[in-house]
Amino acid sequence: VYRALLEFGIVVMRDQNITPAQQIAFSRRFGALELHSIVPCRMPGHPEILLVSNRRDDSGAFTGRPDAGREWHSDSNFHAKPSLGSLLYALEIPPEGGDTLFANMTAACAALDPALKARAAGRNVRYVYGSRSAENTNTALKVTMTQSQWDEVPQAVHPLLRTHPETGQKSIYLSLTT
């Protein structure tokens with residue numbers, strides 16, 4: 001599975017029925033797991049899992065991160081070391097739509113006009129998650145965090161054209177959101 005991930009950039013395994021503990025154990029086969037910085041959206045009892053959901057509990061609070069994936073992005077780019085990837089496990093999907101889309105940024109980099117690629121080479125991008133502020137109220141989909149939780153969210157600077165540490169392939173490492 002790991003070799004396929006390096007070769008193709010994505011692996012899909014349909015019709016799985018796994019517990020949170022099994023998801024965590026499988027994920028650990030790829031290396032150490034990171035805990036997502038949005039503390040309120042971590043799964044209770046399984047903080048390694050980030051809940052993504054637009055469902056609300058009885059108090060009206062979201063039961064997970066409601067706006068994850070609304071815009072094109074690379075996961076966890078605000079960490080100093082880029083993630084190998086994300087392991088997604090859908091518990092409930094709509095009968096139509098709701099697709100998770102992926103872009104091959106290695107192929108996009110290879111297809112760049114040479115002049116544009118030369119301009120991008122050596123440039124860096126700073127990633128800061130959200131507004132890093134407890135007053136982040138720019139959306140009805142906000143997740144409430146304390147100022148101390150926001151203060152613990154890292155920031156990182158990465159090359160715009162990143163070389164994969166194992167494959168040696170160059171890719172575009174850029175997000176509209178973090």
Side-chain angles (χ1 to χ4, degrees), residues 1-2 4-6 9-94 98-102 125-158 162 164-166 173-178:
V1 173
Y2 185 74
L5 180 62
L6 290 178
I10 184 169
V11 176
V12 177
M13 294 181 267
R14 298 186 187 282
D15 303 320
Q16 301 299 303
N17 186 14
I18 59 174
T19 66
Q22 289 170 323
Q23 180 180 358
I24 292 166
F26 181 76
S27 298
R28 282 197 173 119
R29 292 173 181 240
F30 298 93
L33 304 183
E34 66 183 45
L35 298 180
H36 199 280
S37 297
I38 304 303
V39 175
C41 295
R42 293 180 190 165
M43 179 181 275
H46 301 283
E48 302 89 343
I49 296 176
L50 175 73
L51 297 173
V52 176
S53 176
N54 61 0
R55 299 264 182 199
R56 295 180 187 259
D57 63 20
D58 292 338
S59 73
F62 286 106
T63 59
R65 175 116 191 264
D67 60 346
R70 288 185 179 261
E71 294 178 333
W72 179 82
H73 66 281
S74 294
D75 288 346
S76 299
N77 53 17
F78 50 91
H79 288 282
K81 181 180 177 187
S83 299
L84 171 66
S86 296
L87 193 143
L88 305 175
Y89 180 59
L91 296 176
E92 181 180 357
I93 56 173
D99 299 323
T100 299
L101 304 175
F102 297 89
V125 179
R126 174 175 297 280
Y127 292 101
V128 179
Y129 187 92
S131 71
R132 294 178 54 91
S133 166
E135 293 80 38
N136 181 12
T137 58
N138 61 346
T139 175
L141 300 176
K142 80 173 199 161
V143 174
T144 303
M145 291 193 353
T146 65
Q147 186 62 53
S148 64
Q149 287 172 329
W150 276 114
D151 291 344
E152 291 179 23
V153 176
Q155 303 183 47
V157 175
H158 294 289
R162 178 177 176 263
H164 192 281
E166 291 182 74
Y173 196 61
L174 182 66
S175 284
L176 294 177
T177 62
T178 55

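Starting from 1, each residue takes its place in the sequence as its number.
- Nearest heavy atoms, Y127 versus L174: OH-CA, 3.1 Å.
- Within 6.0 Å of CD1 in I93 there are 12 or fewer heavy atoms belonging to other residues, nucleotides or ligands.
- Among residues two or more places apart in sequence or in another chain, the side-chain hydrogen bond (donor to acceptor under 3.5 Å, both in side chains) test is passed with Q16 by none.
- A donor-acceptor contact shorter than 3.5 Å is absent between the side chain of H158 and the backbone of P82.
- For the pair Y173 and V125, the minimum side-chain heavy-atom distance is 4.5 Å or more.
- Side-chain atoms of S53 never come within 3.5 Å of backbone atoms of T63 as a donor-acceptor pair (strictly under, hydrogens ignored).
- The heavy-atom pair separating E166 from H164 by the smallest distance is N-ND1, 3.0 Å.
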I'd like a table of donor-acceptor pairs (distance under 3.5 Å, sequence neighbours excluded) in which one partner is a side-chain atom from residues 38-52, with atom names and distances.
unit_1, atom_1, unit_2, atom_2, d
R42, NE, H36, O, 2.8
R42, NH2, H36, O, 2.8
E48, OE2, R28, NH2, 3.1

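- With rounding to the nearest 0.5 Å, the separation of OG in S27 from CG in L87 is 4.0 Å.
- The closest donor-acceptor contact from the side chain of Y89 to the backbone of Q23 lies at 3.5 Å or more, if one exists at all.
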Q) Between S83 and D75, does a side-chain hydrogen bond (donor to acceptor under 3.5 Å, both in side chains) hold up when you go through it step by step? A) CA-CA 7 Å; S83 299; D75 288 346; over 6 Å; no
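- By the 4.5 Å heavy-atom criterion applied to side chains, R56 and F62 are counted as neighbours.
- Counting heavy atoms from C-beta on, the side chains of L5 and L84 come closer than 4.5 Å.
- A donor-acceptor contact shorter than 3.5 Å is absent between the side chain of S74 and the backbone of S175.
- With sequence neighbours left out, the side-chain hydrogen bond (donor to acceptor under 3.5 Å, both in side chains) criterion links N17 to no other residue.
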